[in-house]
Asks: 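Can you read through this structure? Questions will come right after.
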Amino acid sequence: MEDTEEEKKDEADYKRLHSFPLIRHSDMPEEMRIEAMELCVTACEKFATNNESAAKMIKETMDKKFGSSWHVVIGEGFGFEITHEVKNLLYMFFGGSLAVCVWKCS
Amino acid sequence: ELKQEFTRTLTTANPQAPQNIVRYSFKEREYKIVDCMDQTAIHFSLNGNMVPKDSDEGRRQSIRSSTEAEKAPVETSAVTSEEAEIKDAEDTGDTEEAAAGEAAEEDQAAEAAEASEAAEAEEPPAPKAPEKKLANQFNFIERSTTTRHNPLLERGYQVEPAPSMNFSANVNQWDIYDAYVEELEKIEKSKEKEKSKPQTVKTEEKRSRRRLSHVEVQHGDSITKISKAAKLAERMVNLNTFDDIAQDFKYFEDASDEFRGQQGTLLPLWKFQYDKTKKLAVTAISWNPKYKDLFAVGYGSYDFMKQGQGMLLLYTLKNPSFPEYVFSSESGVMCLDFNSEHPYLMAVGFYDGNVAIYNLKKATSQPSFKSSAKSGKHTEPVWQVKWQKDDMDNNSNFFSVSSDGRIVSWTLVKNELVHMDVIKLSAEGTTMQGPEGLQLQMLGCGTSFDFHKKIDYLFLVGTEDGKIYKCSKCYSSQFLDVFEAHHMAVDTICWNPYHLKVFISCSSDWTVKIWDHTIKTPMFVYDLSCAVGDVAWSPYSSTVFAAVTIDGKAHVFDLNINKYEALCTQLVATSKKNKVTHVQFNPVYPIIIVGDERGHVISLKLSPNLRKMPK
């Protein structure tokens with residue numbers, strides 16, 4: 001019992017340690033990337049329980065800032081194949097268990 | 001080549017219209033070829049309002065006009081609307097009534113330009129009108145006009161779709177976990193490195209440099225793409241500007257040579273000059289062994305009092321307006337040579353006695369290797385450098401001769417220039433007694449040398465007092481032979497590329513002499529009545545050579561044709577005060593380049609008489 005509790009704590013610790021945003025793949029220009037990353041972090045922290053609202057917030061903000069037709073997927077386990085406009089893709093991890101993929105395609 | 005005929009055919013197809021336009025079809029989300037291209041170009045279009053007689057509309061109108069014509073004589077009052085309708089029908093059968101109506105009414109009709117259309121619109125209510133108008137007691141005159149309006153123009157445009165790429169990935173919890181663990185490890189490693197190495201600043205610099213270089217590479221990519229295109233465009237513009245010169249270079253053969261007997265001419269072609277070298281004299285010219293249109297020019301100053309900077313420019317015949325490569329140096333360049341095995345390496349000798357190697361492949365403007373006072377540079381200006389074959393360790397090496405009397409061999413060993421004195425030119429019989437009983441050897445001052453084409457170890461050195469020494473690389477203290485050649489300094493020595501025993505020498509004592517190295521006296525002596533700056537054998541014939549004199553003239557000799565006189569003596573310098581300093585033959589094309597004191601390099605084409613190959 002104690003062991004499993006410890007394990008759980010360790011897991012939680014690891015996740016806390018790993019909760020910084022880690023960009024897996026991106027071909028955005030520098031400023032756009034930083035803005036998008038911060039936006040994702042804000043959204044995920046705000047809607048920690050509801051991926052859909054977080055995604056909605058990210059998508060609408062990106063649409064306003066960078067032009068129409070952004071798509072956002074947030075989740076913990078999925079596979080995807082997308083077509084995106086060049087220099088408009090961000091794929092990052094956050095919070096130890098969340099993956100966020102943001103891309104533009106009209 | 002000029003007489004080749006090119007046929008051009010005229011077809012109805014528009015040559016300007018591209019044959020295969022590819023347009024993006026948004027429907028199918030892909031690029032498709034547009035099949036049929038519109039071959040017509042519409043210059044002017046105007047919508048007319050003529051109606052064919054036999055069509056429905058035409059028949060209707062003619063019926064209308066005939067019915068109206070019947071009704072017209074009924075009304076005595078001038079009712080213009082109907083008569084306007086009558087005027088409509090261009091093919092009225094009842095011309096008399098129509099004519100009557102029209103005549104009365106031409107004024108109004110003239111004003112009402114578009115009244116026909118307005119009248120047609122009125123046409124349906126016309127049948128009713130007669131009844132109304134009879135009842136109406138006032139006379140109404142209707143007028144209508146339409147203002148001029150701008151004709152409509154159609155314009156269509158389709159934007160290229162934004163470039164898009166596919167991206168795919170899979171994400172699970174363990175994937176995320178692994179990624180984070182990796183990242184943490186990386187961070188820890190970098191932290192350890194920072195702690196362990198005391199040169200923390202350096203690593204940060206390296207990282208920032210790496211970041212910078214990464215960013216630069218991104219910029220560099222786009223710039224290099226443009227630079228290549230820009231270079232091509234520059235060359236094309238140059239070709240257009242100097243089109244007639246390029247035509248001359250390729251095709252022009254002086255036909256008057258047939259009438260001139262033995263004489264020939266030099267046709268001036270391009271002139272190469274550069275702003276920063278206006279005050280410098282051309283001190284060395286050399287053609288690149290690999291690229292036949294690339295040549296290097298060294299700039300410096302022969303004047304003892306006025307020593308300034310030096311420059312090294314590489315020009316190509318394809319771009320006469322700007323040099324391809326520019327290197328500047330602190331002291332004047334006196335000589336240069338291309339390495340035949342590595343055509344991107346150039347050895348350069350300076351006025352201050354240093355030698356350097358420039359690597360054209362690297363983008364820096366500084367020499368890759370340079371000698372210094374520690375590494376055995378000469379104490380006097382280096383007058384000539386020449387590359388040798390790679391030695392047994394495959395290291396490139398070259399020789400240099402200088403006024404300090406030493407001939408030094410420089411070897412490129414592991415990124416360093418290592419020097420080795422090959423020979424010291426001791427002037428015979430001039431050992432002096434120095435202080436403290438030392439035997440001082442007077443050294444002759446070497447001014448030029450040349451290596452034999454076939455016999456590797458044999459070379460000739462010319463000195464300031466006019467002697468030519470025949471030396472061997474194997475013996476460092478003694479000469480094989482001495483020629484009492486000239487009364488003044490020997491400016492250039494050159495072995496004949498075909499006759500292995502013959503060499504030529506020129507000097508400021510106004511003479512050019514041709515020797516056989518086994519005979520002490522010269523075979524031919526030419527007095528050119530002015531100090532000779534440079535002499536060069538031609539690569540295509542064993543009997544043709546060119547010499548340039550200080551008064552700006554170039555002399556071309558062909559021993560096969562005339563042993564005593566020049567075939568061509570021509571003023572090549574731009575102005576009378578300009579001294580011509582060097583001349584070189586192009587190994588492939590029939591041109592020579594001549595350098596002068598003002599930093600100009602002029603290329604001249606040899607006329608056919610000068611180019612006769614021996615049979």
Side-chain angles (χ1 to χ4, degrees), chain A residues 7 10-31 33 37 40 44 51 55 66-106, chain B residues 22-32 157-192 194 204 206-226:
Chain A
E7 279 174 17
D10 284 337
E11 277 180 33
D13 278 340
Y14 273 126
K15 285 198 180 166
R16 258 178 259 138
L17 274 175
H18 302 174
S19 62
F20 60 89
L22 171 63
I23 294 183
R24 198 73 150 100
H25 177 88
S26 164
D27 64 349
M28 284 183 176
E30 187 69 34
E31 312 100 27
R33 186 191 321 154
M37 196 172 75
C40 290
C44 290
N51 285 344
F66 299 113
S68 77
S69 279
W70 283 88
H71 311 268
V72 181
V73 179
I74 303 184
E76 290 176 7
F78 55 92
F80 60 92
E81 160 122 16
I82 55 167
T83 306
H84 67 96
E85 277 182 25
V86 175
K87 296 217 173 161
N88 285 288
L89 168 72
L90 174 70
Y91 174 39
M92 57 179 273
F93 295 154
F94 173 69
S97 65
L98 267 190
V100 182
C101 185
V102 183
W103 75 93
K104 179 174 178 181
C105 186
S106 53
Chain B
V22 174
R23 284 269 150 75
Y24 185 78
S25 146
F26 280 98
K27 183 176 175 189
E28 287 158 52
R29 293 204 158 243
E30 63 181 7
Y31 283 93
K32 292 180 66 185
Y157 192 68
Q158 178 169 298
V159 185
E160 291 284 326
S164 60
M165 263 174 17
N166 285 350
F167 177 69
S168 62
N170 218 345
V171 57
N172 332 57
Q173 287 299 300
W174 67 72
D175 208 11
I176 301 180
Y177 180 77
D178 285 345
Y180 273 112
V181 165
E182 248 186 78
E183 185 71 21
L184 281 177
E185 278 173 14
K186 270 189 216 165
I187 294 177
E188 280 178 24
K189 269 185 199 169
S190 57
K191 277 188 193 164
E192 278 176 19
E194 278 183 24
E204 281 172 15
K206 274 189 196 166
R207 256 180 253 142
S208 60
R209 244 182 273 147
R210 254 180 259 143
R211 262 181 246 139
L212 272 175
S213 63
H214 180 67
V215 166
E216 270 173 6
V217 161
Q218 285 174 344
H219 283 297
D221 277 341
S222 51
I223 288 178
T224 44
K225 277 180 210 166
I226 294 175

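Lettering follows sequence order; numbering is per chain, from 1. Keep in mind it's a predicted model, so treat the numbers as computed, not measured.
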Asks: Please look at A:Leu89 and chain B and tell me whether the side chain, the backbone, both or neither of the residue comes under 4.5 angstrom of a heavy atom of that chain.
Replies: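 For A:Leu89, the contact with chain B is made by the side chain alone.
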Asks: Could you measure the distance from the CG atom of A:Leu98 to the CD1 atom of B:Ile176? Nearest 0.5 Å is fine.
Replies: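 Between atom CG of A:Leu98 and atom CD1 of B:Ile176 there are 7.0 Å.
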Asks: Looking at side-chain heavy atoms only, is the closest gap between B:Phe167 and A:Trp103 below 4.5 Å?
Replies: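 Not touching, per the 4.5 Å side-chain cut-off.
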Asks: B:Asp175, B:Asn166, B:Val171: which one forms the most heavy-atom pairs within less than 4.5 Å of chain A?
Replies: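 So the answer, after comparing B:Asp175, B:Asn166, B:Val171, is B:Val171.
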Asks: Which atoms of A:Asp27 are under 4.5 Å from chain B, going by heavy atoms: the side chain, the backbone, both sets, or neither?
Replies: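 Side chain of A:Asp27 only, per the 4.5 Å heavy-atom cut-off to chain B.
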Asks: Report yes or no: does B:Tyr177 contribute a side-chain atom to a donor-acceptor pair with the main-chain N or O of A:Ser97 at less than 3.5 Å?
Replies: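 No; judged by distance alone, with no hydrogens or angles, the pair does not exist.
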Asks: Name the option with the most non-hydrogen atom pairs under 4.5 Å to chain B; the candidates are A:Arg24, A:Glu81, A:His84, A:Glu85.
Replies: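 Most heavy-atom pairs within the cutoff with chain B belong to A:His84.
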Asks: Using every non-hydrogen atom in the two residues, find where B:Asn170 and A:Tyr91 come nearest and quote the distance to one decimal.
Replies: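 The answer is O-OH, 3.7 Å.
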Asks: Any side-chain to backbone donor/acceptor pair from A:Glu76 onto B:Gln173? Under 3.5 Å, distance only.
Replies: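 Side chain of A:Glu76 to backbone of B:Gln173, a donor-acceptor pair under 3.5 Å: no, none is there.
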Asks: If you take all heavy atoms of A:Phe93 and B:Ala179, which pair is closest and at what distance?
Replies: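 Closest approach of A:Phe93 to B:Ala179: CE1-CB, 3.4 Å.
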